[in-house]
Amino acid sequence: MATKDIAKIASDFNKAYKNITKRIVICGGTGCIAGGSLKVYEAFQKEMAARNLTCSVKISEGCRENYLSLSGCRGFCAQGPLVSVGDIFYTKVKPEDVAEIVEKTLLKGEVIDRLLYHNPANNQKAKTVKDIPFYAKQQRILLHDCGRINPEDINEYIAHGGYAQAKRAYTEMTPEQICKEMTQSGLRGRGGAGFPTGKKWEFARIEPEGKKYVICNADEGDPGAFMDRSVMEGNPNAVLEGMMIAARAIGADEGYVYVRMEYPLAIERIRKAIAQAEELGILGENIFGSGLNFKIHVMEGAGAFVCGEETALIASVEGKRGMPKVKPPFPAHSGLFGKPTVINNVETLATVAKVFEMGADKFSKIGTAGSAGTKTFAVTGHIANTGLVEVPMGTTLREVINDVAGGTTNSDGTVNPAAFKAAQIGGPSGGCLTKEHLDVGLDYESLKAAGAMVGSGGLVVMNDKTCMVNVARFFLEFTKRESCGKCVPCREGTDQMLSMLTDIVEGRGTLETLDKLEELAKAIQKSSLCALGKTAPNPVLSTLKHFRDEYIAHVVEKRCPAGVCKALARYEIDPAKCKGCGMCKRACPVQAISGAVGKPHAIDPKKCVKCGSCKATCKFGAISVKA
Amino acid sequence: MTDRFKPAVQILTDYGYDSAKLIPILQKIQDAYHYLPEDVMRFLANELKISPAKVFGVATFFAHFSTTPKGKHIIKVCNGTACHVKGSASIIQAVKDKLKLKEGQETTEDMMFTLECVSCLGACGLAPVMVIDDTVHGQMTAQTAAALLDEVIKAEAAHGN
């Protein structure tokens, strides 16, 4: 079938859109849905129906109506559910608020003060997105349409210029030109390694003609990163358009989106987008009359972190255990079913059409010389504004944490930039950045020099109540579990490293343990087969480098300075506060507490098993945990 | 052919008996049988003309596959980085205590609940996160987690289970 005229679809949509009186957007990303946004959506439908207000789901020309739709993730997850009525932006909306929003904001244009975002930094209310520093300080290219358009309506994507670049690629450009443009743009892979995208495509392009594949790596396994999920949920068509351009560049006619099964909404939206694109003839046979075909399949991952590694991912698409292979041959030469394959991650592919839209030259000027464009970071942990942040490459850590994300928080949630201790960037493969790195630019080169990496862009902020040894152990526990077992250094080495770290946090470590840990870490880095093993020791080495004092406190003084490691904690009774009621004595399961009635009690540290029962029962707050 | 393999035959037909589709086939088998029974896996191997070892190999490699039956309600507690630094360990403990799960035990004796600790659900903005039967609950504490489980237990009791 012939591809429908996308210029006409765009102009029809835009003509109809002019008749919209008010656009109401409810965030339908995973975060907001968990906060109850679907109930808010239903409440809007009910309330508007009850008042005889139209809330068309399919906008059509000629009738004036309101347009109510869900959107993808808007990135401001901790403030959800998010609702915007025209420009007015409401946070933490509950179904009970809907009647009032319809009455006041939709019908009269009044602003409801209590639903506005309250900026804790200056104690002011923000009326629109532009007034919120979280958004105002970002440069949203990739995420521009996420949260603005209806991800389940391909027409709106087209109306925003969507698929125009795919059309150009299929009808006006040669594969060589596409690869050249991509190389000039300086776009590097956003999945972790940062390999230049144009080069990767060129390698696959020059392979002899025949069967070739494009794979979208949506197996976002790095705990703490969710930009790929958000892009797929918020703007799935951008991913498909990127895949189409890649396919045209290398001469592929078949593609796969490999999504982890933990992202059911992303899978649903991608599937829907593919179906709509096929219906319009954008995907399928004889695309844009070019005589070329492209079909996209969706495959759900079955839960293995290592499948984020390209050769392991390919093995699992082939129906095998997801184990990596030795490279070379690289997938561009011999990939899926032994055919040349380009494999890019979601964020990279979703950026492709934007690069072509603005032109390689303009794109290459954003960011730094070696790291062009913007990058999305998932900022989480002890931070005021948890969420997705898109900034030009090279923006400093300080700007991201303090200016965009609102600053580090204490454990009770109050903002306290001074509490910043470290930021783990790049997940289990990355390293930690400390106070001295606050002015380091977030780009491939600067981060590498600082001993960390961009990785997928997970940025976990940790305050001074975090034990870095515990964090290192946490990551090792993860990589040990996810090691596929194929090569010995990773399989046995991570297990051994985890045992050593467990010894340290449980008080059995010595200074010698630290030396052995470091030695083993370096050996694993050098000798593992794939990136999982090669990078698994990074969190340990980087915390050993920056927080060695903390490790020494654990092994020499048997003390956890942050008071996190339970086995090293000491429970103490404050004699001034203790009334001698005997409650703790009865609660103690190992009879470690002694004392006469009415007199201050004491805990025998030799008997204490640190269960915390005494602290929980004390009514006078006399028992505390000492680091 | 016995009725037992009927769903399997349907699934194999849907995927054209293509052994490259082993993972989606196993996913559908798990949906149909609620886990991957050994006899069904042997049947698949035979029909797909691959060795049972290959099927078991794939089945035991991926975290999503289970070779033992799971409980009626699946509780997932996220232990991704963001959830971890915000205290997911105490939530896991609270769920274990509530369901009286012993060390290493995932499913309750009455087959009502299975607890899974997962790496990251991508809902980091709401950390710590717990999922009960596909419904995501954010910003959990040990108390709210236990209260949510109580609701499920109560609803089951009301249905006479």
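Throughout, a chain's letter reflects where its sequence line sits, starting with A, and its residues are numbered from 1.
The candidate with the highest count of non-hydrogen atom pairs below 4.5 Å against chain A, out of B:Leu126, B:Ile50, B:Val118, B:Thr81, is B:Thr81. Your options are B:Val58, B:Val129, B:Ile25, B:Val131, and the one with the most heavy-atom pairs under 4.5 Å with chain A is B:Val58. Taking B:Val85, B:Asp18, B:Thr135, B:Thr60 one by one and counting their heavy-atom pairs under 4.5 Å with chain A, the maximum is reached by B:Val85. Across A:Gly36, A:Cys77, A:Ala34, A:Ala378, the residue that shares the most heavy-atom pairs under 4.5 angstrom with chain B is A:Ala34. Chosen from B:Ala123, B:Ser119, B:Gly138, B:Ala82, the residue pairing most often with chain A at heavy-atom distances under 4.5 Å is B:Ser119.
Heavy atoms of other residues, nucleotides or ligands lying less than 6.0 angstrom from NZ of A:Lys465 number 12 at most.
For A:Cys307, the part sitting under 4.5 Å from any heavy atom of chain B is the side chain, from C-beta outward, and nothing else. Only the backbone of A:Val317 comes within contact range of chain B, judged by heavy atoms closer than 4.5 Å. Neither the backbone nor the side chain of A:Gln424 comes within contact range of chain B, judged by heavy atoms closer than 4.5 Å. Both the backbone and the side chain of B:Asn79 come within less than 4.5 Å of a heavy atom of chain A. With a 4.5 Å cut-off on non-hydrogen atoms, A:Met323 touches chain B through its backbone and its side chain both.
In this structure A:Arg260 satisfies the salt bridge (charged side-chain N to carboxylate O under 4.0 Å, His left out) test together with A:Glu262, sequence neighbours excluded.
With hydrogens and angles ignored, the 3.5 Å screen pairs a side-chain donor or acceptor of B:Thr13 with a backbone N or O of B:Val9. A donor-acceptor contact shorter than 3.5 Å is absent between the side chain of A:Asn463 and the backbone of A:Ala419.
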- Query: Does the side chain to side chain donor-acceptor pair (under 3.5 Å) test come out yes or no for A:Ser456 and A:Asp222, once each step is laid out?
  - Reply: CA-CA 7 Å; A:Ser456 56; A:Asp222 168 3; 2.6 Å; yes
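In this structure, A:Tyr117 has its ring center closer than 6.0 angstrom to the ring center of A:Phe76.
Side chain to side chain, A:Tyr263 and A:Glu220 meet the donor-acceptor criterion of an N or O pair below 3.5 Å.
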